[in-house]
Amino acid sequence: MTKIDPTNDQSAWNALNTEIENCESCPRLIEYCSQVAQKKRKSYLEHDYWGKPVPNFGNPRSEVLLVGLAPAAHGANRTGRMFTGDRSGDFLFAALHRAGMCNQTESFDNQDGLILQGCAITAICHCAPPQNKPDRTELSNCRPWLEETLDRFRFRVFIALGAMAWNSMLQVAKQNNWHDGSSAKFAHGAELHFAPSRWLIGSYHPSQQNTFTGRLTPEMLDQVLIRANQMKTENQ
Ligand code: SF4
């Protein structure tokens, strides 16, 4: 695809996000997001839920892209911003703040003043799925949004939050001839060089399942972010 005019990164980003927000390719997920938004969780009855596909978030001119799985039903599906409004986001944004990659430690809603510095966040599925599990068709439907995000902008250090994000990145990298597609297993801290000058790094997802059990500690996530920032200066 033709590269966009770099002076128009923000407008291209906004345009892509509008397309994502209006996507209706997965009837099950669109229905689920909307139902959750109407029913609401007791503690959020006063909130206006977003209830539709959640767009990319962050600085489109940055080099680091975090790739998550999918919005949480009462997190990003409520607030309309990736990782905002749930415990996963609390853990992630605190780490990004320690790494100098955002301006505040907490995130509540999409008007809380949070600004990502030198990074952006996307997901392999932009709609909240039941039980946090998109099916194969839904992941496949959503892949073009990941492809567009990679194709239209200049991200070159990718942090895959979890094995599913890692595998999706491998597929897109193979498609783009950045990588030969040979099996490269996901692990926390695993690194993979994509030609030219692109890198993939694996991290356990900051889900409560991982952070409450100590599978992912703040220090472990800090190490990944430090490494991602180092990779920005590497040219191979
Ligand atoms: S999951 Fe992705 S492809 Fe499916 S409706 Fe949501 S935005 Fe569209």
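Sequence positions, counted from 1, serve as the residue numbers for this chain. Numbering of ligands and ligand atoms starts at 1, following listing order.
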Going by the atom numbers of ligand 1, which of them fall below 4.0 Å from some non-hydrogen atom of Leu29?
1 (S)
Salt bridge (charged side-chain N to carboxylate O under 4.0 Å, His left out) partner of Glu63, the single match among Arg198, Arg156, Lys232:
Arg156
Near Pro53, which atoms of ligand 1 are under 4.0 Å from a heavy atom of that residue?
7 (S)
Could you tell me which atoms of ligand 1, counted from 1 in the order shown, lie closer than 4.0 angstrom to a heavy atom of Cys23?
3 (S), 5 (S), 7 (S), 8 (Fe)
Atom 6 (Fe) of ligand 1 - nearest protein heavy atom and its distance
Cys127 SG, 2.4 Å
Quick check: do Asp112 and Arg81 have side-chain heavy atoms less than 4.5 Å from each other?
yes
Does any N, O or S atom in Cys142 come within less than 2.8 Å of atom 2 (Fe) of ligand 1?
yes
Give the atom numbers and elements of ligand 1 that come within less than 4.0 Å of a heavy atom of Cys125.
1 (S)
Please say which of Glu147, Arg143, His179 ends up in a side-chain contact (heavy atoms from CB on, under 4.5 Å) with Gln171.
Arg143
Just checking, Lys52 and Trp50: is the charged tip under 6.0 Å from the six-membered ring centre and within 45° of the axis?
yes
Do Leu114 and Phe57 make a side-chain contact, defined as non-hydrogen atoms from C-beta onward lying under 4.5 Å apart?
yes
Hey, which atoms in ligand 1 end up nearer than 4.0 Å to a heavy atom of Cys26?
1 (S), 3 (S), 4 (Fe), 5 (S)
Separation between CZ of Arg87 and CG of Leu92, rounded to the nearest 0.5 Å:
15.0 Å
Taking 4.0 angstrom as the limit and counting only heavy atoms of Asn141, give me the atoms of ligand 1 inside it, by number and element.
3 (S)
